[in-house]
Undergrad: 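There's a structure below that I have some questions on.
Numbers restart at 1 for each chain; the letters A, B, ... are given by sequence-line order, proteins then strands.
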Amino acid sequence: MVVTYARRHGLQPLGVGIGLRRSFYEELPRTERALDWVEIIPENFLSLGGRPQRALDACRERWPVLPHGVGLDIGGPDALDVDYVTGLAALVKRVDAPFFSDHLCYSRLGGVYLHDLLPLPFTEAVVEHVVPRVREVVARVGRPFLLENPSYYANMPGGTLSEADFLRHVVEEADCGLLLDVNNVYVNARNHGYDARAFMDALPLERVAQIHLAGHTIYPDVIIDTHGDRVCDDVWSLYRYVLDRTGPVSTLIEWDQDIPSMEAVLDEADLARAALREGAGR
Amino acid sequence: MKPSLKHFFDSMGTYLARPGGESLEELYTAHPEWRAPSSRVSLYGDFVRGHVRSALEKLFPMLRGAVGAEAWNALVEDYTLTRPARHHEVNHMGEGFPAFVADGVSSRGLPPHAPALARFEWSDFAVFSSQAESPERVERLTPNPTLLVLEQPYRICAYVRAKGAVVVPQAGDELALLWRHPAHLVTYYQEATPHALLVLKMAVEGLSASDVAVATGMPEADILGAVARLSRDGLVLSPDA
Ligand SMILES: [Fe+2]
């Protein structure tokens with residue numbers, strides 16, 4: 001039997017979480033709805049006092065908190081931002097997060113933050129560049145670390161590996177976990193014309209320790225990963241497909257734009273919880 | 001890092017510093033074998049530029065209205081070219097914007113109160129997100145640790161309070177006080193009135209109401225009233241709160 005990344009690190013499936021977004025700072029800590037854990041974007045808590053801190057403390061009293069960063073810049077050419085990583089390590093300890101995560105991308109060039117998740121070329125050279133950086137981050141933070149498969153709208157130049165092989169090489173050689181964003185798989189499969197299920201079969205699923213579900217926006221010639229809608233039926237069905245292969249995995253509903261209400265996000269979380277339960281029963 | 005990877009980042013860096021038709025062509029010239037559709041690659045230029053714009057539009061809504069659409073677009077475009085995002089937290093890129101606005105008042109024909117308004121709006125955010133947390137209890141009257149004082153040649157406080165009902169602020173020196181309310185955690189602001197300055201002085205120097213009454217001849221009840229009111233507003237933190 002394969003020993004999963006989660007088991008090796010004593011990580012239990014936590015159920016379904018939603019993100020602590022600015023518009024939820026007051027209502028989320030008081031909700032009486034079902035919620036198993038809360039995701040935070042560490043960048044919103046590392047250098048901003050006041051409201052975010054009060055909301056974070058209130059959530060931490062009720063739920064496990066998992067930091068999911070956007071600014072680590074694991075693939076970029078700049079040296080790791082030591083202040084950022086030090087702050088992140090302190091935040092991870094403060095909320096006692098069982099693990100933390102960021103994206104397999106770059107987000108800074110020449111000291112300038114791009115505030116976006118930019119795709120890397122799928123090459124051995126990138127794998128070689130990223131692996132020691134992951135190891136350095138894990139050493140500095142001292143907790144298990146997951147990398148997310150990002151969405152991308154164009155293949156970057158010089159690619160020699162398939163996307164799935166690229167992801168596999170990075171997480172296996174760096175020995176980190178995989179945060180599988182199922183909506184990203186769907187969006188990428190549609191944008192690049194590949195089969196989402198075959199792609200997932202090619203991933204090291206034994207390393208998946210968290211799943212993301214989100215909505216997207218369909219344009220005539222591209223689908224954008226906006227996190228601005230409900231999870232679509234195809235993504236729900238891919239989610240079940242993954243769960244059948246991984247067993248229960250901590251799952252996040254990501255809804256970051258055009259959020260109708262926190263209740264609507266929690267409704268999506270209820271659907272994910274039902275799918276998790278159903279999966280466990282199969 | 002392999003030279004090929006460095007070449008990739010350098011070329012993307014050049015493109016993202018100034019996304020546009022010309023720089024996109026240069027990017028493709030740097031990678032002759034690259035077949036990705038340019039409409040997809042240019043999305044990244046749009047995204048990166050868009051993040052600067054949306055951060056500025058959230059931070060400076062009143063300034064945006066005051067300068068008009070055309071001047072605003074030019075300000076945003078030119079500020080973006082200065083590559084202001086040097087911090088992992090996105091709003092930090094607005095910190096240098098008031099000075100940038102001030103530098104362009106005459107050359108861009110901006111309204112003369114634009115720099116003061118920009119500074120006020122940035123200070124509003126800086127106070128709101130200040131890392132100086134108010135202690136839960138204080139032993140004596142204490143100034144709010146998030147307090148910011150702005151000296152400006154326009155009556156910006158009254159202008160902001162009017163919420164658009166006043167077209168331009170009145171000229172005239174103003175000392176504006178901005179602080180984060182310790183319980184509501186939102187920014188409060190007011191002109192520095194004699195009462196507000198007196199209560200702040202009491203907090204900084206540890207003066208009692210009776211000392212101040214003796215020294216100034218003001219009725220002690222007035223002083224206590226001002227202390228109570230400004231403690232409620234959170235300008236000062238009181239041990240009785
Ligand atoms: Fe995600």
Undergrad: Between B:Lys2, B:His87, B:Met93, B:Arg49, which shows the greatest number of heavy-atom pairs under 4.5 Å with chain A?
TA: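 Winner by heavy-atom pair count: B:His87.
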
Undergrad: Counting heavy atoms not belonging to B:Glu25, are there more than 12 under 6.0 Å from its CD?
TA: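 For B:Glu25, atom CD is not crowded (no more than 12 foreign heavy atoms under 6.0 Å).
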
Undergrad: As an exercise, state the distance from OG of B:Ser129 to CG of A:Asn44, rounded to the nearest 0.5 Å.
TA: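 The OG atom of B:Ser129 sits 11.0 Å away from the CG atom of A:Asn44.
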
Undergrad: Does A:Tyr152 form a side-chain contact (heavy atoms from CB on, under 4.5 Å) with B:Arg40? I'd like the steps, not just the answer.
TA: CA-CA 9 Å; A:Tyr152 64 101; B:Arg40 295 284 188 84; over 6 Å; no

Undergrad: Taking all atoms of both residues into account, what is the closest heavy-atom pair of A:Leu114 and B:Arg83, and its distance?
TA: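 Of all heavy-atom pairs spanning A:Leu114 and B:Arg83, the closest is CD2-NH2, 4.1 Å.
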
Undergrad: Top residue by heavy-atom pair count (under 4.5 Å) with chain A, among B:Val48, B:Val186, B:Leu185?
TA: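 Top count of heavy-atom pairs under 4.5 Å with chain A: B:Leu185.
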
Undergrad: Specify which of A:Ile41, A:Asp221, A:Asn191 makes the most heavy-atom pairs with chain B at under 4.5 Å.
TA: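 Among the listed options, the one with the most contacts to chain B is A:Asn191.
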
Undergrad: What pair of heavy atoms forms the shortest contact from B:Leu16 to A:Tyr106, and how long is it?
TA: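 Smallest heavy-atom distance, with atoms named: CD1-OH, 4.5 Å.
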
Undergrad: I want to check something: taking the side chain as every heavy atom from C-beta on, are B:Arg86 and A:Val112 in contact at a cut-off of under 4.5 Å?
TA: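 Yes, at least one pair of side-chain atoms sits under 4.5 Å.
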
Undergrad: If you take all heavy atoms of A:Arg54 and B:Ala183, which pair is closest and at what distance?
TA: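 So the two residues come closest at NH1-O, 2.7 Å.
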
Undergrad: Please flag which part of B:Glu89 lies under 4.5 Å from any non-hydrogen atom of chain A: side chain, backbone, both or neither.
TA: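 For B:Glu89, backbone and side chain are both near chain A.
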
Undergrad: Taking CD in B:Glu151 as the centre, count heavy atoms belonging to other residues, nucleotides or ligands within less than 6.0 Å. Is the count above 12?
TA: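 Open: at most 12 neighbouring heavy atoms sit under 6.0 Å from CD of B:Glu151.
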
Undergrad: Between atom CE of A:Met156 and atom OG of B:Ser11, what is the distance when rounded to the nearest 0.5 Å?
TA: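 Between A:Met156 CE and B:Ser11 OG, I get 9.5 Å after rounding to 0.5 Å.
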
Undergrad: Can you tell me how the ring of A:Tyr153 sits relative to the ring of B:Phe47, calling it parallel under 30°, perpendicular over 60° and tilted otherwise?
TA: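 Plane angle over 60°, so perpendicular.
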
Undergrad: Chain B heavy atoms under 4.5 Å from A:Glu26: which part of the residue, side chain, backbone, both or neither?
TA: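 Neither part.
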
Undergrad: Do other residues, nucleotides or ligands put more than 12 heavy atoms under 6.0 Å from B:Lys201 NZ?
TA: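 Incorrect, the count does not exceed 12.
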
Undergrad: Among the options B:Asp10, B:Val52, B:Leu43, pick out the one with the most heavy-atom pairs lying under 4.5 Å from chain A.
TA: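 Highest number of heavy-atom pairs under 4.5 Å: B:Leu43.
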
Undergrad: When heavy-atom pairs shorter than 4.5 Å are enumerated against chain B, which of A:Leu120, A:Asp83, A:Asn155, A:Thr123 gives the highest number?
TA: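 Heavy-atom pair counts peak at A:Asn155.
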
Undergrad: Given that the side chain runs from C-beta out, which part of A:Leu109 has a heavy atom under 4.5 Å from chain B: side chain, backbone, both or neither?
TA: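 The side chain, not the backbone.
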
Undergrad: What heavy-atom pair brings B:His88 and A:Ser47 nearest, and what distance separates the two atoms?
TA: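 Shortest heavy-atom contact: CE1-OG, 4.4 Å.
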
Undergrad: As an exercise: rank A:Ala125, A:Gly110, A:Pro42 by heavy-atom pairs under 4.5 Å with chain B and give me the winner.
TA: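 Among the listed options, the one with the most contacts to chain B is A:Ala125.
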
Undergrad: Which atoms of B:Arg180 come close to chain A, meaning under 4.5 Å heavy atom to heavy atom: side chain ones, backbone ones, both, or neither?
TA: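 Only the side chain of B:Arg180 comes within 4.5 Å of chain A.
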
Undergrad: What residue, out of A:Glu43, A:His129, A:His115, has the most heavy-atom pairs lying under 4.5 Å from chain B?
TA: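 The answer is A:His115.
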
Undergrad: Minimum heavy-atom separation for A:Pro119 to B:Phe8, with atom names?
TA: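 Scanning both residues completely, I find the closest heavy atoms to be O-CZ, 3.9 Å.
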
Undergrad: Can you give me the closest heavy-atom contact between B:Tyr44 and A:Leu117, atom names plus distance?
TA: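 B:Tyr44 and A:Leu117 have their closest heavy atoms at CE2-O, 4.2 Å.
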
Undergrad: Mind ranking A:Gly159, A:Pro121, A:Pro77, A:Gly71 by heavy-atom pairs under 4.5 Å with chain B and telling me who comes out on top?
TA: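 Maximum pair count with chain B is reached by A:Pro77.
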
Undergrad: Taking side chain as everything from C-beta outward and backbone as N, CA, C, O, which of these in B:Tyr28 sits under 4.5 Å from a heavy atom of chain A? Side chain, backbone, both or neither.
TA: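 B:Tyr28 has no heavy atom closer than 4.5 Å to chain A.
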
